[in-house]
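Input: a single structure, listed below in C-alpha cells.
All values below were derived from every heavy atom in this structure, side-chain atoms included, with hydrogens, water molecules and symmetry-related copies excluded. Throughout, protein chains are lettered first and strands after them, A, B, ... in sequence-line order, and every chain is numbered starting at 1.
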Amino acid sequence: MSNLQEQKNKPDAGKNLANAESILADIAINAQLADYSPVKGCMVIRPYGYSIWDNIKNILDKRIKETGHENAYFPMLVPESFLQKEAEHVEGFAPECAVVTHAGGKELAEKYVLRPTSETIINYMFAKWISSYRDLPLKINQWANVVRWEMRTRLFLRTTEFLWQEGHTCHATWKEAQEETLMMLQEYKKLLEDYLAIPVFTGKKTESEKFAGAESTYTIEALMRDGKALQAGTSHNLGQNFAKAFETKFTNENNQLDFAYQTSWGVSTRLVGALVMGHHDEVGLILPPRIAPYQVVLIPILKRNEDNSSLVAHLKTINDELQALGITTKIDARDNISQGIKFNEYEQKGVPVRLVVGPNDMTNNVVEIHRRDIRSKDKGIAREGIASHLKNLLEEIQAGLLKRAMDFRKEHTSQANTIDELASILESKGGFVRAMWNGDVAIEPLLKEKFKASIRCMPDDKELDASKVPCIFSGQISDKNVEILIAKAY
RNA sequence: CGGGGUAUGGCUCAGUUUGGUAGAGCGCUUCGCUUGGGACGAAGAGGCCGUAGGUUCAAGUCCUGCUACCCCGACCA
C-alpha cells in the first residue's frame, strides 16, 4: 500500500487510522455508518449504519417478545415535575436534560423534559393500569429515542440523542423482579456474543455506578480493541422506588396494598459503536456476518469495450443461489469506477466476504473470494457449490471473530493484588483487571483520579480465591471482600 | 466551563507571515482512451473565503466581537 502522503488525495482515503483517538470517528465516517449533524453532539445515522442497528433491533425485538414482553410507545415529552418525584433519579438526570419551555408561541405553564429515559412517565401510566396482582406481571418494551445533554460526545458511543429500547416491567414480588432483571441481562449477553461476536462480562454495578433511582444495576461490560471497557447494556432492579414515587400500587393475593416491584433494561445504538471499536483493523470496520447489512458483495470485473451482459447475468445467477441459502448480498456492477475503488470501499465498510468474477473466471467456472476478517484472497474457488461453501465460510468468520475477541480479552484481563500492580497494568496494556475489594467506597475516587479508571462491575464470573487474595485497597484478606473488575472505560 | 484546533467549491486542503479581488488534488459533467487492487488525456460546471463590525484606495489575508464544529480535560444513566 502507498504511504499516507500518497493516499491523501485519493478518493475516500479518509484519515489514517493510526491516530487512536479518532479511530471511531474515522471508521464511522469512512464506512458511511454516520455523519455529523448540524446540531452539536448529534449524528445522522446513514443507511449502512442504520441497517446494522436494524439487524440488532430485529434480533433483540424477537427475543423481547419471546420472553413475554409487549411493545408500546410513550411520549417523548415528560412533565418536568415527573422527574422530580424520585429523589435519586432527578439528581442523576436533571443536569443532562433538555427542557422545552416554549411552544405555540407561548411560554409553557409546566416545562417539558425531553425524555432522558422513561421510568417516570411510564410509571405514571402503570399506576393507572395496575390495581390487582392479577394485572401482573406487566412487561412492556419501547423502541425510542432519548436525549441526554452530555458535555462530551462521540459518534455512537455517546451522542446527545440516541436510539434504544427500554424495557419496563412490574411484578408482584421482589424475587420475580430480580429474575426478570437477570434474565434480560442474559439476553443481552447472548445478543452481544452470538451476534455481535463481542464477549462480555456480566456483573453488578457498585452503588456509585448504578442507575439513578435503581435498587441495583447489572451490566454487560465489553472490551474494546484499544483496551478500554464499554458498558454495552444495563438491567436494573428498581425495587419499589419508582412505584412509591408514583403510587404504582396493587392489591395482592391477601387483599393488601403493595407497591409494584419493577425492572428496567436497555441497550442502545451504542452497540454499533461497540461493533466498530470491537472489530476493526488498519483498513476499517470488520463486521460479523450475522449483523452485517449484507454478508457478501459481488463484484464483476467489467470490460468496457466488451459486452459485459453475460458476465453480469452470470453474477446474478450466483447471487440468486446465495440468496436462496439465506445469504444477504449486494451486487456492485457500477461501470464508472474501477474495481480497486470498490474493493477498498467494501473493506472499509467491513463486508465479511467479497466475491469477484471476471471473464476468465467465468470461462474457468471459478470465483475469487476475499475474506475481510483475515484479509485473505483465494482465486480459483470452484463456482459449483459456492453458496454452501460461503454459507459455511460465513459461520467460520462469525466464530472466528468471537474467538479473536475472546482471546484478546483473555490477554487483556489481568489480576492485581495491589494498587501498584494495578497502575503498571493499566499503563502497559490496559484491559480488565481483577481484584478483591472490601467495599470501601473511597477506592472509587482514587481510581478515577489516579488512573481515570473505575470499577466496571462485580462480575458473576469469579476467578479469585478470597482466602488468598487481599483487598487491593486495604491489603487485608477477608471473606467479606468481593471480586471486582477495574478498567478504564468509555 | 477550561485548554487546543479548525472554519476557503461536494470532499481534503493550500493561499494569511510580506493586503492587490481565489488555487490544487479528488469528486462531478462531456468526449476519447483504458479496466483482474485506488488508470490517463482533453474540455467544462462549481466558491459573494463561517458571521458582524473596523482599518485601508484595496481585506480570504490585518484588528475586534460573535457563532459553529472537532480534539483534550472536567462531567456522565
query: Reckon A:Glu347 touches a base, only the sugar-phosphate, or nothing at all at heavy-atom distances under 4.0 Å?
result: base
task: Please report, rounded to the nearest Å, how far the P atom of B:G10 is from the CG atom of A:Asp35.
output: 15 Å
task: Report yes if the side chains of A:Glu187 and A:Ile64 come closer than 4.5 Å at any heavy-atom pair, otherwise no.
output: no
query: Of A:Gly92 and A:Val357, whose closest RNA chain B nucleotide lies nearer the 5' terminus?
result: A:Val357
- prompt: Could you give the CG-to-P distance, from A:Asn336 to B:C31, as a whole number of Å?
  reply: 13 Å
message: With a cut-off of less than 4.0 Å, is there a side-chain N or O of A:Ser338 near OP1 or OP2 of B:G38?
response: no
- prompt: Taking the same atom, P, in B:G27 and in B:A22, what whole-Å distance lies between them?
  reply: 26 Å
- request: Sequence neighbours left out, what passes salt bridge (Lys or Arg N to Asp or Glu O under 4.0 Å) with A:Lys139? Give chain and number order.
  value: A:Glu180
task: Pick base, sugar-phosphate or nothing for A:Asn360, based on heavy-atom distances below 4.0 Å to the nucleic acid.
output: base
message: Using a 4.0 Å heavy-atom cut-off, does A:Pro359 contact any base of the nucleic acid, only the sugar-phosphate backbone, or nothing at all?
response: base
- request: Pick base, sugar-phosphate or nothing for A:Thr234, based on heavy-atom distances below 4.0 Å to the nucleic acid.
  value: base
message: In whole Å, measure the gap between the P atoms of B:U8 and B:A52 for me.
response: 15 Å
- prompt: RNA chain B: A:Gln339 or A:Phe93, which has the more 5' nearest nucleotide?
  reply: A:Gln339
statement: Those residues at least two apart in sequence (or on a different chain) that pass ring-ring contact (aromatic ring centres under 6.0 Å, His included) with A:Phe451 are none
Sequence-distant partners of A:Glu193, side-chain hydrogen bond (donor to acceptor under 3.5 Å, both in side chains), two or more places apart: A:Lys189
- request: Kindly write out the residues that satisfy ring-ring contact (aromatic ring centres under 6.0 Å, His included) with A:His69, not counting sequence neighbours, or none if the list is empty.
  value: A:Trp265
query: At under 4.0 Å between heavy atoms, what does A:Trp164 touch on the DNA or RNA strands: base, sugar-phosphate, or nothing?
result: base
- prompt: What is the distance from CZ of A:Arg154 to C1' of B:G73, rounded to the nearest Å?
  reply: 13 Å
Contacts of type salt bridge (Lys or Arg N to Asp or Glu O under 4.0 Å), residue A:Arg225, not counting sequence neighbours: none
- prompt: If you measure from the P atom in B:U61 to the same atom in B:G38, how many Å do you get, rounded?
  reply: 42 Å
field: Per-nucleotide pairing state of RNA chain B [Watson-Crick or G-U, under 3.5 Å; [ ] pseudoknot-crossing; | other strand]
entry: (((((((..((((......[..)))).(((((.......))))).....(((((..]....))))))))))))....
- request: Report the residues that fulfil ring-ring contact (aromatic ring centres under 6.0 Å, His included) with A:Trp164, sequence neighbours left out, ordered by chain and then residue number.
  value: A:Phe162
message: Tell me the interatomic distance from A:Arg158, atom CZ, to B:A74, atom C1', rounded to whole angstroms.
response: 13 Å
message: So, under a plain 3.5 Å distance rule, would you say the side chain of A:Lys377 forms a donor-acceptor pair with the base of B:G37?
response: yes
Quick test: give all pairs of protein nitrogen or oxygen and nucleotides 68-70 of chain B nitrogen or oxygen below 3.5 Å, distance rounded to 0.1 Å.
from: B:C69; atom 1: OP1; to: A:Lys40; atom 2: N; distance (Å): 2.6

message: Going by salt bridge (Lys or Arg N to Asp or Glu O under 4.0 Å), name the residues that satisfy it together with A:Asp361, two or more places apart in sequence or in a different chain.
response: none
field: Distance between C1' atoms of B:G3 and B:C49 (Å, rounded)
entry: 28 Å
query: Which value, in whole Å, describes the distance between the C1' atoms of nucleotides B:C28 and B:C11?
result: 11 Å
- request: For A:Gln186 and A:Tyr218, test the side chains for any donor-to-acceptor distance below 3.5 angstrom and give the result as yes or no.
  value: no
P-based separation of B:G46 from B:U29 [nearest Å]: 16 Å
message: With the threshold set at under 4.0 Å for non-hydrogen atoms, list the residues of residues 443-452 of chain A touching RNA chain B in residue-number order.
response: A:Lys448, A:Lys452
Can you give me every donor-acceptor pair (side chain of residues 73-84 of chain A, partner residue at least two apart or in another chain, under 3.5 Å) with its distance?
from: A:Tyr73; atom 1: OH; to: A:Arg115; atom 2: NH2; distance (Å): 2.7
from: A:Ser81; atom 1: OG; to: A:Glu110; atom 2: OE2; distance (Å): 2.7

- prompt: Of the nucleotides B:G36, B:C76, B:G38, which one has an atom closest to the side chain of A:Glu96?
  reply: B:C76
task: Among the candidates B:G38, B:C76, B:A74, find the nucleotide nearest to the side-chain atoms of A:Met151.
output: B:A74
- request: Scan A:Arg371, A:Arg372, A:Arg375, A:Lys377 and name whichever one has a salt bridge (Lys or Arg N to Asp or Glu O under 4.0 Å) with A:Glu347.
  value: A:Arg375
- request: Can you tell me, in whole Å, how much space there is between the C1' of B:U51 and that of B:G32?
  value: 46 Å
query: Starting at CZ of A:Arg372 and ending at P of B:G37, how long is that distance when rounded to a whole Å?
result: 18 Å
- prompt: Starting at CD of A:Glu150 and ending at P of B:G73, how long is that distance when rounded to a whole Å?
  reply: 15 Å
task: Quickly work out the A:Glu91 CD to B:C75 P distance and round it to whole Å.
output: 15 Å
- prompt: Cationic tip of A:Arg354 within the cone over A:Phe343's six-membered ring, i.e. under 6.0 Å and within 45° of the normal?
  reply: yes
Whole-Å C1' distance, B:U56 and B:A43: 41 Å
- prompt: With sequence neighbours left out, what residues match A:Glu176 under salt bridge (Lys or Arg N to Asp or Glu O under 4.0 Å)?
  reply: none
message: Using whole Å, what does the distance between atom C1' of nucleotide B:U34 and atom CD1 of A:Ile337 come to?
response: 16 Å
message: We want to know whether A:Gln262 and A:Asn123 form a side-chain donor-acceptor pair, criterion being a heavy-atom distance below 3.5 angstrom.
response: yes
field: Side-chain donor/acceptor contact of A:Glu368 with base of B:G37 under 3.5 Å
entry: no
